[in-house]
Every structure is written in C-alpha cells, then in structure tokens.
Amino acid sequence: MLDPHLLRTDPEQVRDALRLRGFELELDALQKLESRRKAIQVETEGLQAERNARSKNIGKAKAAGEDVEPLLKEVASLGDKLKSSEDELGKIQKELNVILHAVPNIPHVSVPAGKTEDDNKEVRRWGEPAAFEFEAKDHVDLGEALGLIDFETGAKIASSRFVVLKAGIALLHRALIQFMLNVHTQEHGYTEVNVPYVVNADSCFGTSQLPKFEEDLFHIKEHGFYLIPTAEVPVTNMFRDEIVAAEDLPLKLVCHSPCFRSEAGSYGKDTRGMIRQHQFEKVEMVQLVPAGQSYQAIEELTAHAENILKKLELPYRTVILCGGDIGFASALTYDIEVWLPGQGKYREISSCSNFEDFQARRMKARWRNPETNKPELLHTLNGSGLAVGRTLIAIMENYQTKDGDICVPEALLPYTAGLELIKKA
RNA sequence: GGAGAGGUGGCAGAGCGGUUGAAUGCACUGGUCUUGAAAACCAGCAAGGAUGAAAGUCCUUCGAGGGUUCGAAUCCCUCCCUCUCCGCCA
C-alpha cells in the first residue's frame with residue numbers, strides 16, 4: 001500500500017509515476033471521495049468529542065450527588081446523529097480502501113519503460129552456453145527416456161501440472177535444496193526457518209496476494225486458509241504487527257518450501273514439462289532492512305541468487321523488469337534467467353524484488369529507530385535462491401551427455417551420496 | 001473432541017461501568033552526582049489518525065467483530081488465539 005498521505009498531498013506525481021507500469025490512477029474519483037471523507041471525519045470526530053465531554057460531565061455530576069436527568073435529556077438527540085455520521089464515515093473509508101488497496105507500488109527511477117517482458121533490460125550475463133556436439137534434448141525427453149520423470153502419474157494422482165520424480169532425479173532435486181540452504185546460511189549470512197505452508201487471509205493481504213490476486217491461490221475455504229504460493233508469504237508475515245529492535249537488523253531469512261499456484265490465466269502456456277507446475281519447491285531469501293539500506297540490499301540479495309548459478313556453473317543473464325512487467329507490490333525487480341539448451345532460451349529461475357515499505361505498511365512491520373526512538377516502517381525484499389524445479393531442469397539440460405545421461409555438477413557431489421552420473425535404471 | 005483458565009503498552013503485570021490511554025515494575029531516553037562508568041535520585045516515555053505554518057486541539061485503539069449504556073478495558077453475544085487437565089495421535 002502506498003502512503004495515503006503522499007496520495008493526498010501529491011496525487012499528480014503519483015499518477016504520473018504509475019503510468020510507467022500502465023496503471024491509470026482515477027484521480028477525480030479518488031479526490032471526490034477524499035474530500036467527502038475529510039468533511040465527514042471532521043464532523044464525526046466533533047460529535048464524538050461532544051459526547052465524550054457530556055458523558056464526563058454526567059459522571060462528575062453523579063459523583064457529586066447531583067440530579068443527572070436534565071443532562072441525560074440534553075444528550076439524548078446526539079446518539080442518532082453520531083451513529084449515522086459514524087456509519088457514513090465507515091462506508092467511505094471502506095470505499096477508499098478498496099481503491100487504495102488496488103493501487104500498485106511506485107516503480108523505482110531505474111525501472112525502464114516498456115509493456116512486456118521483451119522490454120526488460122539486460123544488466124549482465126554470466127557463462128557461455130555450451131556447444132553440444134549432438135542435438136541437445138529438453139528435460140522432458142531426457143527425464144522420460146531415463147524413466148525418472150513421470151508426468152502421467154502426476155496427472156493421475158492429482159491433475160495436469162503435477163509430476164512424480166524418481167530415484168536419481170528425486171535425489172538430485174533433494175540435493176539441490178540442501179546445497180542452496182547451506183550456501184545461503186553458511187556463506188551469505190541467512191538464518192534458516194521452517195514455516196507453515198498454509199496461511200490465513202491477513203498474511204495474504206500483508207504481502208499483497210490479497211485482495212487482488214485471489215484467483216492465483218489455492219484456497220481451503222472451510223478453514224479460511226490459503227496454500228502458500230511462495231515462502232515469501234509466511235516468512236515476511238512473521239514480522240506483521242511487530243516492532244523489531246534495531247540490533248536485530250538486518251533480518252536475513254532463508255526458507256525452503258513447496259509453492260502452490262493455481263496458474264489461472266496461463267492455460268496453454270508452458271504446458272510441456274516441469275517449467276510451470278501447480279506445485280513446486282523453492283528456496284526463498286527474505287530480508288527486512290531499515291529504509292535507507294534496501295537498495296544496497298537488493299543488489300546483495302540478487303548476487304546471492306546468482307552465486308548459486310555460478311557454483312552450479314549454469315549460464316545465466318540478469319534483467320531488470322520494465323514498468324509493464326514488474327509485479328504489483330515491487331518497486332524494483334531483477335529476474336535471473338538461466339540458459340536452457342533444450343529450449344535454446346534463457347528462462348526465469350529467480351525473481352528478486354525490493355518492495356520498499358509497500359508490504360510493510362500493509363503488515364505494520366516496523367523497527368524502532370534509536371535516533372528518534374520511534375517505530376518506522378521496514379523495507380521488505382525477497383528473491384528466489386533458487387526455484388528448485390527449474391534449477392533441476394537447467395542441470396538436466398546443461399549437463400546431459402550424448403547418451404542421455406545426466407552428470408551431477410561438482411558442487412552437488414557432497415549431497416548426492418556418491419551418485420555422479422544419473423543413468424537409466 | 002471433552003472440562004477449566006486466560007488474552008491489557010517494547011516486556012511483565014494491576015484495573016473489572018464514570019476526570020483510566022490505562023497503577024506499578026523492567027527496558028528505553030534526558031538530567032543530577034562521578035575523572036569515567038555503575039549505583040542512587042529526578043524527569044520523560046504507546047500506536048494510528050484528523051486538523052493546523054507551528055504550538056496545540058481533537059478522535060480512535062486494552063485479541064477480533066457485533067450489542068447494551070449518556071458513558072465500556074470493565075456487562076452481554078459470536079469468533080480467533082494461548083495455557084492446564086482428560087481423550088486420540090504422527
């Protein structure tokens with residue numbers, strides 16, 4: 001959520017900034033509602049003040065043993081007026097909130113203009129895509145030939161976009177998780193957390209999956225829970241309604257979790273293979289930092305994600321998302337895209353975002369600034385470090401042999417219990 | 001699932017219809033004292049919001065949401081959460 005104060009004092013500037021992402025702020029409607037809110041709030045608070053004063057007098061008179069009947073008569077008419085004024089104010093504030101909660105974050109000055117992912121700007125590239133002496137297969141052909149990736153059984157026990165991994169591939173998948181967690185905790189200074197994989201509506205509101213993106217979530221209606229679409233939701237919400245001590249900052253947490261996404265609206269997109277699943281695993285980095293530090297933190301966090309790819313020797317490029325492609329809550333997002341020989345393309349494997357205080361304002365996640373001794377909103381950041389399923393794909397496609405076997409990358413050898421080459425069983 | 005107890009400021013913990021936004025303690029901030037620190041003493045110290053140039057004034061908030069009342073932290077209803085005992089169980 002944007003600072004309502006900024007929206008009141010500088011609406012044109014906000015509107016212009018949001019146009020970069022193709023969002024048109026309805027200034028007229030907003031300002032009309034806002035001026036009504038102002039008038040009615042002033043009126044309501046005046047009536048409340050009057051009621052409070054009169055009630056206090058009644059209390060005093062009673063204590064002094066005076067007759068309070070005349071005072072009660074005086075106040076009788078106040079009740080209805082106050083009630084209707086309060087109701088009206090509540091209604092307007094609700095309307096105002098509906099609008100406010102649907103306004104996306106203001107993009108950072110470094111965000112390039114553009115409408116689609118084609119307009120994202122490459123900021124760096126690492127590694128050389130390998131030149132194969134044979135025709136490189138994609139992970140589906142490789143996995144099915146090995147008999148270790150089974151889409152049909154996934155579809156049978158759940159539905160399409162679910163998969164069963166077996167033997168060496170399942171082991172490689174597990175090894176990746178251990179490897180990533182160890183690198184982030186031992187080399188990058190993150191604290192590992194293990195969290196609930198279902199969350200309540202308040203948590204979804206805090207990180208802004210709700211109210212706007214409900215259709216992307218799996219919802220367990222009878223309990224009011226949502227399956228998490230990313231560990232960002234439970235981990236960031238650990239600090240909802242909290243005031244963090246300055247000495248505990250920056251908070252750097254890493255969490256492995258499954259992620260569940262309905263993928264509503266992506267019918268027909270990436271239907272082949274494991275690229276887009278209803279359930280996948282991810283290692284997620286989350287940081288909460290004081291306001292002045294978030295732009296340094298986003299560079300570091302992105303480098304932490306890139307470091308995993310470097311250790312796995314997977315070629316990648318990093319792009320900065322353009323105004324039209326950046327997420328609702330983010331002020332700045334770097335996507336890291338890994339080279340997939342099977343597709344001959346770079347594909348997203350990590351998304352690292354600085355939300356500034358947008359999520360923190362919704363969540364009331366604050367820290368106490370020792371300089372002022374007052375609570376201030378934190379800045380929140382997160383990034384995949386990395387998407388495990390897509391990393392698995394990248395390894396399969398980049399480390400395939402002529403015979404269709406998969407070499408285990410050197411960095412993973414300590415995690416694979418002696419397995420060096422994944423072959424047909 | 002059954003029975004009981006409880007949810008109050010950064011933390012602990014009083015209050016159980018009327019000048020209570022809330023005693024007290026701890027923590028924190030400033031001051032006195034000290035060569036410096038500690039201790040002691042004095043003072044300050046919730047958050048969010050409206051209005052205003054500012055000082056200030058006012059409103060809201062005692063788990064959440066309804067209700068009773070001139071007035072609710074305090075009474076009533078619903079829900080959520082925590083703890084204790086019993087049952088079941090990875």
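Please read these numbers as outputs of a predicted model, since none were measured by experiment.
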Trainee: Quick check on side-chain contact (heavy atoms from CB on, under 4.5 Å): which of Asn382(A), Asn237(A), Thr380(A), Leu381(A) does Glu232(A) satisfy it with?
Mentor: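 Among Asn382(A), Asn237(A), Thr380(A), Leu381(A), the one meeting side-chain contact (heavy atoms from CB on, under 4.5 Å) with Glu232(A) is Asn382(A).
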Trainee: Once you apply the 3.5 Å cut-off to both distances, tell me the Watson-Crick or G-U wobble partner of rU51(B), or none.
Mentor: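 Pairing partner, where one exists within any strand: rG56(B).
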Trainee: Applying the Watson-Crick and G-U wobble criteria at under 3.5 Å, what pairs with rC85(B)? Answer none if nothing qualifies.
Mentor: rG2(B)
Trainee: Whether Glu397(A) and Lys137(A) form a salt bridge (side-chain N of Lys/Arg under 4.0 Å from carboxylate O of Asp/Glu) is what I want to check.
Mentor: no
Trainee: Would you say the side chains of His188(A) and Asn307(A) form a donor-acceptor pair under 3.5 Å?
Mentor: yes
Trainee: Could you pick out which residue, Val42(A) or Pro370(A), lies toward the 5' side of RNA chain B when each is mapped onto its nearest nucleotide?
Mentor: Pro370(A)
Trainee: May I ask you to decide whether Asp270(A) forms a salt bridge with Arg347(A), counting only side-chain N to carboxylate O separations under 4.0 Å?
Mentor: yes
Trainee: Salt-bridge test for Lys81(A) and Glu50(A): reply yes if a basic N is under 4.0 Å from a carboxylate O, no otherwise.
Mentor: no
Trainee: What string of B, S and - do you get for nucleotides 60-81 of chain B 5' to 3' if you count protein non-hydrogen atoms under 4.0 Å?
Mentor: S---------BS----------
Trainee: What's the CD-C1' distance between Glu34(A) and rU51(B), to the nearest Å?
Mentor: 13 Å
Trainee: Check the distance between rU51(B)'s P and Gln41(A)'s CD and give it to me in whole angstrom.
Mentor: 7 Å
Trainee: When you compare rU69(B) with rU57(B), how far apart are their P atoms, in angstrom units rounded to a whole number?
Mentor: 33 Å
Trainee: What is the base-pairing partner of rA37(B), counting Watson-Crick and G-U wobble geometry with both distances under 3.5 Å?
Mentor: none
Trainee: If you measure from the C1' atom in rU74(B) to the same atom in rG6(B), how many Å do you get, rounded?
Mentor: 16 Å
Trainee: Are Arg368(A) and rA46(B) close enough that a side-chain N or O sits under 4.0 Å from OP1 or OP2?
Mentor: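 The answer is no; no side-chain N or O of Arg368(A) sits under 4.0 Å from OP1 or OP2.
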Trainee: Does a side-chain N-to-carboxylate-O contact under 4.0 Å join Asp119(A) and Lys115(A)?
Mentor: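 So Asp119(A) does not pair with Lys115(A) through a salt bridge.
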Trainee: With under 30° as parallel and over 60° as perpendicular, where do the rings of His219(A) and Tyr226(A) fit, or are they tilted in between?
Mentor: parallel
Trainee: Assess whether a salt bridge exists between Arg161(A) and Glu263(A), defined as any Lys/Arg side-chain N lying under 4.0 Å from an Asp/Glu carboxylate O.
Mentor: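 No, Arg161(A) and Glu263(A) are not salt-bridged.
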Trainee: Can you work out whether Gly46(A) or Gln93(A) has the more 5'-proximal nearest nucleotide on RNA chain B?
Mentor: Gln93(A)
Trainee: What is the distance from CG of Asp248(A) to P of rG10(B), rounded to the nearest Å?
Mentor: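 It works out to 16 Å between those atoms.
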Trainee: Can you tell me if the side-chain N/O atoms of Lys38(A) get under 4.0 Å from OP1 or OP2 in rU51(B)?
Mentor: yes
Trainee: What does rA12(B) pair with, Watson-Crick or G-U, if both distances are under 3.5 Å?
Mentor: rU24(B)
Trainee: Please report the C-alpha distance between Asn200(A) and Ser203(A) in whole Å, then the side-chain angles of each, then the deciding distance to 0.1 Å, and finally whether the side-chain hydrogen bond (donor to acceptor under 3.5 Å, both in side chains) criterion is met.
Mentor: CA-CA 6 Å; Asn200(A) 57 35; Ser203(A) 294; 3.2 Å; yes
Trainee: What integer number of Å spans the C1' atoms of rA22(B) and rA72(B)?
Mentor: 13 Å
Trainee: Measure CD/Glu242(A) against P/rA46(B) and give the value in whole Å, please.
Mentor: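 The answer, rounded to whole Å, is 20 Å.
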Trainee: Which nucleotide in the list rA47(B), rC59(B), rU51(B) gets nearest to the side chain of Ala49(A)?
Mentor: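 Nearest listed nucleotide: rC59(B).
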Trainee: Please report the distance, rounded to the nearest Å, between CD in Glu247(A) and P in rG10(B).
Mentor: 16 Å
Trainee: Nearest whole Å is fine: how far is rU51(B) C1' from Arg37(A) CZ?
Mentor: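 Whole-Å distance recorded here is 10 Å.
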Trainee: What's the CD1-C1' distance between Ile40(A) and rU51(B), to the nearest Å?
Mentor: 16 Å
Trainee: Quick one: label Lys73(A) by what it contacts on the DNA or RNA (base, sugar-phosphate, nothing), any heavy atom closer than 4.0 Å.
Mentor: nothing
Trainee: Could you tell me how far rG4(B) sits from rC59(B) if I compare only their C1' atoms? Round to whole Å.
Mentor: 40 Å
Trainee: How far, in whole Å, is rU8(B) from rU82(B) if one measures between their P atoms?
Mentor: 14 Å
Trainee: What integer number of Å spans the C1' atoms of rU32(B) and rA73(B)?
Mentor: 38 Å
Trainee: In Watson-Crick or G-U wobble terms, both distances under 3.5 Å, what is the partner of rG65(B)?
Mentor: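 rG65(B) is paired with rC77(B).
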Trainee: For nucleotides rA46(B) and rC11(B), find the distance between their P atoms and express it as a whole number of Å.
Mentor: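 So the two P atoms sit 14 Å from each other.
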Trainee: When rounded to the nearest Å, what value does the distance between P atoms of rU24(B) and rA37(B) take?
Mentor: 29 Å
Trainee: Between atom CD in Glu66(A) and atom C1' in rU19(B), what is the gap in whole Å?
Mentor: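 Computing the Glu66(A):CD to rU19(B):C1' distance gives 14 Å.
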Trainee: Which one is paired to rA43(B), where only Watson-Crick or G-U wobble pairs with both distances under 3.5 angstrom count?
Mentor: rU29(B)
